[in-house]
There are 2 protein chains.
Amino acid sequence: MKKYLSRPEEIILLAVWRLKDNAYGVTIKKKVEKMTEKYWSIGAVYVPLERLEKKGFVRSCLSKPKSERGGRRKRLFTITSAGIYELNKIHKVNEVIWQGYSTDKKETW
Amino acid sequence: MKKYLSRPEEIILLAVWRLKDNAYGVTIKKKVEKMTEKYWSIGAVYVPLERLEKKGFVRSCLSKPKSERGGRRKRLFTITSAGIYELNKIHKVNEVIWQGYSTDKKETW
DNA sequence: CTGATTTGTTCTACACTATAGAACATTCTA
DNA sequence: TAGAATGTTCTATAGTGTAGAACAAATCAG
């Protein structure tokens with residue numbers, strides 16, 4: 001029984017939320033890379049994204065072909081209210097588990 | 001290529017850290033259940049704990065048989081400095097990815 | 001018009017992780 | 001010495017994480 005979002009799901013969902021109406025594969029990849037300062041393969045973005053959609057936390061639709069220069073149509077993602085609910089849940093868990101960390105930390109060094 | 005701690009690893013490692021010199025299977029299970037307000041099976045605690053040890057983020061040793069009332073010897077876990085380093089890393093990532101969330105959130109409702 | 005270029009998505013494959021709970025082990029007490 | 005108490009190990013399986021090759025479609029250059 002699943003407890004809550006996995007970390008990649010959390011990060012990707014946050015990226016979609018932050019990108020508002022400009023969230024699609026490429027921008028999401030860039031965003032999560034910026035957020036984490038790590039390389040993310042395309043698969044590491046799309047596969048969890050696909051799973052988030054299956055679970056109802058994001059929705060997607062194809063954009064019109066109108067582009068600047070070549071390129072396939074974008075598949076735009078938006079967060080659903082179930083997705084936001086899920087983010088709130090994990091956010092709360094995070095607050096609880098990390099509560100008091102940075103201050104206590106000093107004592108452990 | 002692994003990016004950072006998974007969420008169960010994060011939670012368990014934090015529990016070990018918080019429990020200081022009283023971290024063993026049963027207390028860790030109780031602690032993570034309290035932290036997350038969810039049921040954790042024994043396996044859901046020990047298996048990741050085992051992996052954390054293999055990766056060098058915790059260390060363990062058996063306690064002396066001295067107990068209050070029956071029972072097997074405890075296997076006491078302690079966080080290593082590599083473990084603390086890893087916690088700091090994930091803590092930083094968390095701060096970045098959630099930065100400004102609760103205040104911005106209101107606008108999305 | 002057509003082939004190269006650009007931009008973007010889908011597919012797939014495999015190792016690793018998450019989770020549950022049964023089985024097992026050890027110690028104490030009566 | 002049986003059984004109760006406390007704790008750990010084992011095992012199985014579904015699901016997740018990750019990389020990158022393959023594919024698709026739109027535009028531009030000649």
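Any value given below was found using the heavy atoms of this structure, including those in side chains, with hydrogens, waters and symmetry copies removed.
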- According to a 4.5 Å side-chain heavy-atom criterion applied to Ile, Leu, Val, Met, Phe, Trp and Tyr, with indirect links allowed, do B:I12 and A:I97 form part of one hydrophobic cluster?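 Hydrophobic grouping puts B:I12 with A:I97.
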
Under-4.0 Å side-chain N/O to phosphate OP1/OP2 contact, [X] with [N]:
| X | N | answer |
| --- | --- | --- |
| B:R75 | D:dT9 | yes |
| B:Y24 | D:dG7 | yes |
| A:S6 | D:dG17 | yes |
| B:K55 | C:dT17 | yes |
| B:S41 | C:dT19 | no |

For [X] and [N], what is the distance between atoms [atom1] and [atom2] respectively, to the nearest whole Å?
| X | N | atom1 | atom2 | answer |
| --- | --- | --- | --- | --- |
| B:I28 | D:dT6 | CD1 | C1' | 15 Å |
| B:I42 | D:dA12 | CD1 | P | 17 Å |
| A:K74 | C:dT6 | NZ | C1' | 12 Å |
| A:I12 | D:dT16 | CD1 | P | 12 Å |
| A:E50 | D:dG17 | CD | P | 14 Å |
| B:W40 | C:dA20 | CH2 | P | 9 Å |
| A:K3 | D:dT16 | NZ | C1' | 15 Å |
| B:E9 | C:dT17 | CD | C1' | 8 Å |

- Tell me what A:G25 touches on the nucleic acid: a base, only sugar-phosphate, or nothing, going by heavy atoms under 4.0 Å.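 Here A:G25 touches the backbone only, sparing every base.
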
- Select base, sugar-phosphate, or nothing to describe what B:K54 touches, counting heavy atoms under 4.0 Å on all strands.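 The answer is nothing, as B:K54 stays clear of every strand by at least 4.0 Å.
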
- Would you verify whether the NZ or CZ of B:K30 falls within 45 degrees of the ring axis of B:W40 while also being under 6.0 Å from that six-membered ring's centre?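 Judged by the rule (NZ or CZ under 6.0 Å from the ring centre, within 45° of its axis), B:K30 is not positioned above B:W40.
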
- Item | Within 6.0 angstrom of A:K38 NZ, more than 12 heavy atoms from elsewhere |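 More than 12 heavy atoms, drawn from other residues, nucleotides or ligands, come within 6.0 Å of this atom.
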
- Task: By nearest nucleotide on DNA chain D, pick out whichever of A:K2 and A:G43 is the more 5' one.
- Result: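 The answer here is A:K2.
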
- Item | Residues A:R59 and A:T80: side-chain donor-acceptor under 3.5 angstrom |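 Absent: no donor and acceptor within the cut-off.
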
- Query: What about A:R51, does its side chain sit under 3.5 Å from the base of D:dG17 through a donor-acceptor pair?
  - Reply: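 Under the 3.5 Å cut-off, the side chain and the base do form a donor-acceptor pair.
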
- Message: Nearest to the side chain of B:R73, heavy atoms from C-beta on, is which of D:dT11, C:dT26, D:dT18?
- Response: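 From the listed options, C:dT26 comes nearest.
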
- Item | Candidate nucleotides C:dT26, D:dA21, C:dA20, ranked by approach to the side chain of B:R72 - the nearest |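 Nearest listed nucleotide: C:dT26.
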
- Task: Could you tell me which residues satisfy salt bridge (Lys or Arg N to Asp or Glu O under 4.0 Å) with A:K89, sequence neighbours excluded, listed by chain and number?
- Result: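 Testing A:K89 for salt bridge (Lys or Arg N to Asp or Glu O under 4.0 Å), a comparison that skips the adjacent residues, returns A:E86.
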
